[in-house]
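Just the heavy atoms: all of them, side chains too, but no hydrogens, waters or symmetry mates, feed the values below.
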Amino acid sequence: SCTTTLGLVKKIIKAFSFFYTLACFYFIILYKILFFLCIFLTHGLAPKAKTKRQLLLEWVVEQTEKLVNGNMGEIFKNFAPFIATVIALSAFSSLISLFGLYPPTSDINIIAGWALAVAGLITYYRFKCGPIGYIKSFCDPIGMLPLNVINEVATPVSMTFRHYGNIISGVVVSVLVGAGLQGLSHIVLGSLPGILGEVPFLQIGIPAVLSVYFDIFSGCLQAYIFAMLTMMYVSGAFNIDEFELRKKKKALKKANGGN
């Protein structure tokens with residue numbers, strides 16, 4: 001019946017409400033804003049750049065491709081859009097705190113989702129060398145199988161806590177400093193007459209200086225570090241020599257009619 005179906009839907013929503021936080025809500029909004037921003041930047045492009053919008057877009061593309069080619073090699077040249085997405089999502093997720101919003105990067109679930117996506121890419125590029133090559137990668141060097149298995153699991157975990165820890169520490173420090181300055185202002189300037197004694201004068205200016213570091217510099221730095229780690233882990237998981245050898249064997253087998 002309709003009542004039973006509605007009750008089931010409510011139970012499902014309630015079961016998943018634990019995972020849906022304020023940070024997730026802001027992240028979805030940010031994702032949509034970036035999506036429409038990309039549509040705006042890529043709309044009506046000309047063969048030769050004539051607008052500042054297109055010049056800016058071309059500069060971003062060139063710098064991202066240079067970053068990817070320099071760290072991953074030419075074989076990963078199509079990886080640039082993914083890296084640009086990682087940097088943009090991470091950086092803007094931290095920067096929205098400048099508008100008084102809760103930064104999505106302060107939610108470990110969101111960072112863990114990014115790290116799991118990277119772990120999936122690592123596994124994918126290991127498998128490109130074939131199942132045997134994938135298994136062999138855990139036995140190189142010989143006798144390191146247990147440590148290599150642990151390292152495979154530890155990679156997304158370390159990426160998650162490295163990014164999350166640096167961002168949340170900035171949030172905690174900013175809140176503690178703000179609360180401390182409010183208390184100090186009440187102690188030092190609380191004797192001022194009237195409403196002046198209630199105004200936290202010491203909170204003016206100093207939190208803004210901290211915000212420049214924790215929200216802008218540190219947020220953008222962590223986005224860059226996360227992208228660099230992504231490129232390092234993914235390119236390191238791909239054995240180019242093994243892949244080329246496997247491709248030659250397949251071509252030779254096909255040329256011989258599958259025999």
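Taken from SG in Cys24 to CG in Asp107, the straight-line distance is 5.0 Å, to the nearest 0.5 Å. Of the inter-residue distances, the one linking Met231 atom CE with Phe226 atom CZ reads 11.5 Å to the nearest 0.5 angstrom. Expressed to the nearest 0.5 Å, how far NE2 of His43 lies from CD1 of Ile39 amounts to 10.5 Å. Atom CD1 in Ile225 sits 11.0 Å away from atom CE in Met159 (nearest 0.5 Å).
The aromatic rings of Phe27 and Trp114 sit tilted, their planes meeting at an angle between 30° and 60°. Classification of the Tyr31-Phe35 ring pair by plane angle, with boundaries at 30° and 60°, yields parallel.
The closest donor-acceptor contact from the side chain of Asn151 to the backbone of Leu147 lies at 3.5 Å or more, if one exists at all. With Ser90 contributing its side chain and Ile87 its backbone, the two residues share no donor-acceptor pair below 3.5 Å. Distance alone, capped at 3.5 Å, is enough to place a donor-acceptor pair between the Gln54 side chain and the Ala46 backbone.
Contact annotation: the side chain of Arg162 approaches that of Leu229 to within less than 4.5 Å [non-hydrogen atoms, C-beta and beyond]. In this structure the side chain of Asn71 never reaches within 4.5 angstrom of the side chain of Ser235, judged on heavy atoms.
The minimum heavy-atom distance linking Ala91 with Ala223 is given by the pair N-CB, 3.6 Å.
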